Protein chains: 2
Amino acid sequence: MITIQDVAKAAGVSVATVSRVLNNHPSVSEKTREKVQRTIDQLNYQPNLLGRNLRRSETKMILVLLQNIANPFYSKIVKGMEDVGYKNGYHIMICNTDSDPIKENAYLKLLKNRLVDGVVFMAPVISDEELTEISKNYCVVQCCEYKEFADVSSVSIDNEAAAYKATQHLISQGHRRIGLINGNSGIISESQREKGYKRALQEAGIEIDSQLIMYDSYGYRGGQRAAKYFLSIDKRPTAIFAVSDIIAIGAIKEIKEKGLSVPKDMAVVGFDDTGIASMYDPPLTTVAQPRYDLGRVTMEIMLERIRNNEAESKRVFLEHSLIIRESTVG
Amino acid sequence: MITIQDVAKAAGVSVATVSRVLNNHPSVSEKTREKVQRTIDQLNYQPNLLGRNLRRSETKMILVLLQNIANPFYSKIVKGMEDVGYKNGYHIMICNTDSDPIKENAYLKLLKNRLVDGVVFMAPVISDEELTEISKNYCVVQCCEYKEFADVSSVSIDNEAAAYKATQHLISQGHRRIGLINGNSGIISESQREKGYKRALQEAGIEIDSQLIMYDSYGYRGGQRAAKYFLSIDKRPTAIFAVSDIIAIGAIKEIKEKGLSVPKDMAVVGFDDTGIASMYDPPLTTVAQPRYDLGRVTMEIMLERIRNNEAESKRVFLEHSLIIRESTVG
DNA sequence: AGGTCATATGTAACCCATTACATAGGAGGA
DNA sequence: TCCTCCTATGTAATGGGTTACATATGACCT
């Protein structure tokens, strides 16, 4: 392996000068710079970042902890983070936690052991207090899901307002019995979306019927199960608001399988506007999150925090929008 | 920051002894070990991995280069890699290349700069020669897609045989005019699958009609465009083999939109058995790859190579299977 | 000429953990 | 008692950069 020493010797200068050339330090004469650069090129020298990282005590790596990359919701968010990181010389490291606290903890070691300069939590399972504590010593930002009582920056949409808008849309289509298929993993968006759903009903003078609120796992099967239940009850709903596209699609599949039509017999709204929403049959009405920007802003806040460790934590909410497609409008 | 020096001082031993305790070196007396461990716990000392990495010249990180994590095909593969890596103390770093040679090259710097111990290519854009060259000095494995003439280990399925089987299935359903929707990105699976498609036709005594072979970008739109074309030509095909599920779904959407039925008017086969295949309406007949195992085996070969740098490169082919659903069978 | 100052470069400490080698101290045998 | 050998521990070199500080060189001024 070629080291800075080898380059220094070959170029007839000291390692300090080579280092200065590598880092574009101004106090190197043009002549020397050229000579050193030529030697670097000749030897095809690549600085060993392990040495640099140790000395600088930084790695220019950001860890992104998400539940599972299988979730199509994440891809554009990660893209936003990557683009901003890349521009600033940072690399992104994506890791699946499977919402397993043990795994999450294992990855947090990378932070504590200085192998990454910061961590983005997409769905923290750690407690509010621990998260706040970690944030005192390390750079942490939350994206989309966040811990309400943790004093740690977060970037998300206003889930309550988004759910309110989605439910209102169903009401405006004449629906009075509207089912909610919520997740059951205890993340903050669930309770916020339920609040928005309830507020829309209340404001429209519709009584909240706990029979119409189902909790199941995120995913296709959860949607199928919930829809099956809704179709089985006495006064079945005429519309469903599902807190994710995949849940909504599971529900639609179930409804169609029963020989019913979407949206005529049952309207369905999803959430996230993942790729499948527009591809499905019928195309899905859904709440679009500004995914790229969620990632972009998250990374901007992260870099700000890395540069100024004293930066105050903040909550940022980005705009969402309701995308109306054929699953709710005949 | 607490260093090994602090621990040594507090415990009244040398740094060497602390290091030995950290690394479970046998030549430490039980008494000393306990004393040091107590101090470590008391100070909540976390070894700085930057120091360790520099000294050991390894980072226990593996870089996985894929085109884009948005592709649902990857998630289980990555899971397989992670599980094996995790068990062996390795972390996985996922990076999107967008098939951009510049980005790919930038990430390869992480390898050359020693920031990762190895690289998995899921879709190399680099040339066969360069790849072979890199593999001489660094640990590299290819997964799913690979460079045919690069002397670098790879793990994949037999794409030719899989496409042969898929096409044969359509033939067995009585189809004689079978369209192929292939990708146009030049990866090896494209030509292999086309070969398999052609072989199945030839063996069944069906003439190959170049009118029935379309090349478009991977993705929903590509599928739609190709289907639109197939529906417009004179002697339209009665079945389509698409080289990815998303392409197939784009095609189905287009077919249904024209008021035709799948599979009655047009049967469709996809590839990969991604989640959407079973969720779609109709559920999609597709070729399932052993995705978890592809990842698992890839990582096993990687670790083998890391441990024994002299290990020979090899090509591993895992079993695939055709999953028949309603998009081809009434 | 002598002094001041800026520029360019070198020397060596430093980041933190690992480990080869050295050594102290105790056990056991002659 | 003296010697050998083993165990436990310490000392210091090491990995590859970065950078504070020291110094050499030369320009410019009086």
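Chain letters run A, B, ... following the sequence lines, proteins first and then strands; every chain starts at 1. Note that the structure is a prediction, hence the values are computed from the model and not measured.
- Note that B:K147 lies outside the cation-pi zone of B:F121, set by a 6.0 Å cut-off to the ring centre and a 45° limit from the axis.
- For D:dG17, neither phosphate oxygen OP1 nor OP2 lies less than 4.0 angstrom from any side-chain nitrogen or oxygen of A:N53.
- Atom CD in A:E58 sits about 14 Å away from atom C1' in D:dT19, given to the nearest Å.
- The NE2-C1' distance, from A:H25 to D:dG17, rounds to 15 Å in whole Å.
- At whole-Å resolution of the value, CG in B:N23 and P in C:dA20 are 12 Å apart.
- Residue B:L22 contributes atom CG, which lies 8 Å from atom P of C:dA17 at whole-angstrom precision.
- Among B:M61, B:K109, B:H91, B:E58, the single residue meeting the side-chain contact (heavy atoms from CB on, under 4.5 Å) criterion with B:V116 is B:M61.
- At least one donor-acceptor pair closer than 3.5 Å links the side chain of B:R291 to the backbone N or O of B:F73.
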I'd like to compare against my own output: the B/S/- annotation of nucleotides 7-16 of chain D with a strict under-4.0 Å heavy-atom distance to protein. -SBBBBBBBB
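- Listed by chain and residue number, A:N96 satisfy the side chain to side chain donor-acceptor pair (under 3.5 Å) test with B:E82 (two or more places apart in sequence, or in another chain).
- Counting only distance, with no hydrogens or angles, the side chain of A:N71 and the backbone of A:Q67 share no donor-acceptor pair below 3.5 Å.
- Between the SG atom of B:C95 and the CG atom of B:L65 there is a distance of 6.5 Å, given to the nearest 0.5 Å.
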